[in-house]
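Below is one structure, written out as structure tokens; comments come after it.
Labels below follow one simple rule: chain letters A, B, ... track the order of the sequence lines, proteins then strands, and each chain is numbered from 1. Only this structure's heavy atoms are used, side chains among them; waters, hydrogens and symmetry mates stay out.
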Protein chains: 2
Amino acid sequence: MGVSIKQIAEIAGVSRGTVDRALNDRPGIKPEVKKHVLEIADSLGYRSNRAGKLLGLHKAPMSIGIQMPSEGNDFFEAITAGQRQAGSELGDFGLRLYWRTMKGFSARRQAQQIDELIEEGVQAIALVPIDHQIIHEKLAELARKNIPVITFNTDIADSDRICYVGNDYLKSGATAAGLLGRLADGREWRVLVLTGSVSMLGHNQRIHGFHSTIKEHYSNIKVVDIFETEDDDDKAYQICREFLSPAAAAGGRSVELPADAIYLTAGGTAGCCKAVIEAGLAGVIKIISFDRTPSMEQYLADRVITASIEQEPYLQGYLPVKMLFDYLLDNTRPPACSWTRNEIVISENMNQSARFTEK
Amino acid sequence: MGVSIKQIAEIAGVSRGTVDRALNDRPGIKPEVKKHVLEIADSLGYRSNRAGKLLGLHKAPMSIGIQMPSEGNDFFEAITAGQRQAGSELGDFGLRLYWRTMKGFSARRQAQQIDELIEEGVQAIALVPIDHQIIHEKLAELARKNIPVITFNTDIADSDRICYVGNDYLKSGATAAGLLGRLADGREWRVLVLTGSVSMLGHNQRIHGFHSTIKEHYSNIKVVDIFETEDDDDKAYQICREFLSPAAAAGGRSVELPADAIYLTAGGTAGCCKAVIEAGLAGVIKIISFDRTPSMEQYLADRVITASIEQEPYLQGYLPVKMLFDYLLDNTRPPACSWTRNEIVISENMNQSARFTEK
DNA sequence: CTGAAAGCGCTTACAG
DNA sequence: CTGAAAGCGCTTACAG
């Protein structure tokens, strides 16, 4: 169909091997020959053929490394499923995936696992970067070594990653506010904010985006308090229990609610739900949360959680692998940011797409 | 990596050509030889290699036909974009796409365009089937001719399509009801339903799913009336104008609203919005709609439309092409139904995912 | 630094 | 009905 290496070789009066050297920046070719070949390729509008490349991979198969803080964190299950799917689809083309996972957010541990991946010989890395000097330096080192990096779920400023795949946390906060504003429908509502940690950028952005939107459009909504759950269900349960105790003590009698809604920016949702149910306030106090873990499923189905905003975790696993593969294969450049959607999930639309999980 | 045709040939004591004939049901092979080869392939756990297949396509490139009622219908723009994207990604492997589009829903025209595609020599077809005897017969004919079919956007009962890619209209109706129920928050709300046509199954299912959910969970919501817009903005405008005239005549003075919300199952949303704005009721009467056309964008952004439920139209274009390609390539069977999500879109989360459109 | 050859896995004419 | 050969586009040793 298109132009092939063979044709370029004929026209340039060199061998296919030399054309290959020129096109793929391989060593051992005279600069002027390279220039000549590239000019011809250019004038012919040469684009390498994927089928040929794919089959040509047979020796020197590709390997990609993945590093993430997924241990003990249910949220990463869907991400892992996406990575596995990409690995299996591309396995036919020889791709090998190497995982390094950790519990919690240690920059030193992350740096160490990145080193391990390099030693395994991976040609590219996808990771959830920790915002720490050590990691900044490590990413600079990867850039020097010509190992392309894609960040997912969380981005890191001023690094040389070729792409970020994940949420825009400001917009996800705005989405939560937009939803809550529509629910309040002009009524004066007071909102309790439960965040994961005030030192997590993403969590803060979800608060910030929320604030901006209510400030601009929903002056009837007020934030009454902010607490940290440390992404922990027990902690969230304790906080909510205490917060709700006046209303709970009142039993059936009507007292003013301590809040009309609870907005959770991160983990701890199931604990919060438990406390709300125990206080007899399920469905009365609206709960807006993010993501979806197994422990949240039932609360979503039962409408204890009014809505949860998901961020396409499966794609956050799938896309980085796919993009790195394409990049290594024929230099296909992904966009600098591939935003995942903020999906508003309620009980009625929570179980629909078997597409991603069934295969 | 895996087992190759060459290895099977050696073990079976036949040539690669014969193995190929056996594996791909090609004519000209003795039944017992075929059986023998297949047994060996089976025992070795043979799975064909995609890279090899892809390159082997060079002669006899694939072609897939697409038929849909997209003319004059903005909704199909995103679908077309998805098809184009799949076509360009797979173009490297020689795939050619053939389009036949029509305006409106003529079964005879559809049958004729299917015939045209067959004459073009397409090996598979993706279409939006019309529920008519002629089409049922045409699909049976395609099955006899061994031309695989995928339906998208709309399914058709008891046909031999290998997959349906699209919405579950009952669930999309349920999603609309769940959302409206949360907005009403226990208040007695009256809803005007505007459907496209009472003879369109999908539109009816969106009403049915809506009814079931309010019946089960939101007895505070009542449907006050149902009108047909014929998917037409002018018609929708006229209906709404008349319906809202008492309230509009009242000007600023408070009268009881003729409805608290309008639920549109199909086209005509922009017309409805125009009438609601003219009556001075933007934001007061909640509007829940489906999909998203250019004419709706501004109303969504301005919160005149409270929320619209989208059905991943881009994927409805992309997936059928991709699935048919995979099916033709190595018999990869798609699921019988690949449901697209019911995405709740509000002004805050409407512009996020550049992923699908930018490329 | 360059070329000629062999190979990846699968298909397709062609010869028998 | 079957086999031997050639080819798809690209890569990789190997020889010079």
Residue Ser4(A), side-chain atoms from C-beta onward, closest of dC8(C), dC10(C), dC10(D): dC10(D)
Leu44(B): partners by side chain to side chain contact (heavy atoms under 4.5 Å, CB included), with sequence neighbours left out: Val3(B), Ile8(B), Ile11(B), Ile40(B)
Contact under 4.0 Å: Lys53(B) side-chain N or O vs dT11(C) OP1/OP2: yes
Lys NZ or Arg CZ of Arg100(B) over Tyr98(B) ring: under 6.0 Å, within 45°: no
Distance test, side-chain N/O of Arg50(B) to OP1/OP2 of dC10(C), below 4.0 Å: no
Nearest-nucleotide pick for Ile29(B), side chain only, options being dG9(D), dC8(C), dT2(D): dT2(D)
Length of the line joining Arg26(B):CZ and dG3(D):P, which is rounded to integer Å: 16 Å
Stem segments of DNA chain C by first residue number [Watson-Crick or G-U, under 3.5 Å, at least 3]: C:1-3 with D:14-16, C:5-12 with D:5-12, C:14-16 with D:1-3
Spacing between Asp330(B) atom CG and dG9(C) atom P, to the nearest angstrom: 16 Å
Side-chain donor-acceptor contact under 3.5 Å, Glu71(A) with Thr101(A): yes
Under-4.0 Å salt bridge between Lys35(B) and Glu32(B): no
Asn49(A) side-chain N/O to dC8(D) phosphate OP1/OP2 under 4.0 Å: no
Phosphate contact (dG3(C) OP1 or OP2) by Thr18(A) side-chain N/O below 4.0 Å: yes
Phosphate-side-chain proximity, Asn24(A) and dT11(D), N/O vs OP1/OP2 below 4.0 Å: yes
Pair Glu89(B)-Tyr318(B), side-chain donor/acceptor within less than 3.5 Å: yes
Residue mapping more 5' on DNA chain D - nearest nucleotide basis, Gly28(B) or Ala51(A): Gly28(B)
Check: Gln316(A)/Glu312(A) side-chain N/O donor and acceptor closer than 3.5 Å: no
Between dC10(D) (P) and Met62(A) (CE): distance, integer Å: 15 Å
Protein-nucleotide distance (Lys6(B), atom NZ; dG3(D), atom P), rounded to Å: 16 Å
Glu10(A) CD to dA4(C) P, straight-line distance once rounded to whole Å: 12 Å
Basic-acidic side-chain contact under 4.0 Å: Lys322(A), Asp326(A): yes
Short N-O contact, Lys6(B) and Glu10(B), less than 4.0 angstrom: no
Separation of dT12(C) P from Arg21(B) CZ (nearest whole Å): 11 Å
Listed nucleotide nearest any side-chain atom of Lys59(B), set dT12(C), dC8(C), dG3(C): dT12(C)
Spacing between Ile5(B) atom CD1 and dT12(C) atom P, to the nearest angstrom: 11 Å
Nearest-angstrom distance from the residue atom CZ of Arg16(B) to C1' of dA5(D): 10 Å
Selection from dT11(D), dG3(C), dT11(C) that lies nearest to any side-chain heavy atom of Asp20(A): dT11(D)
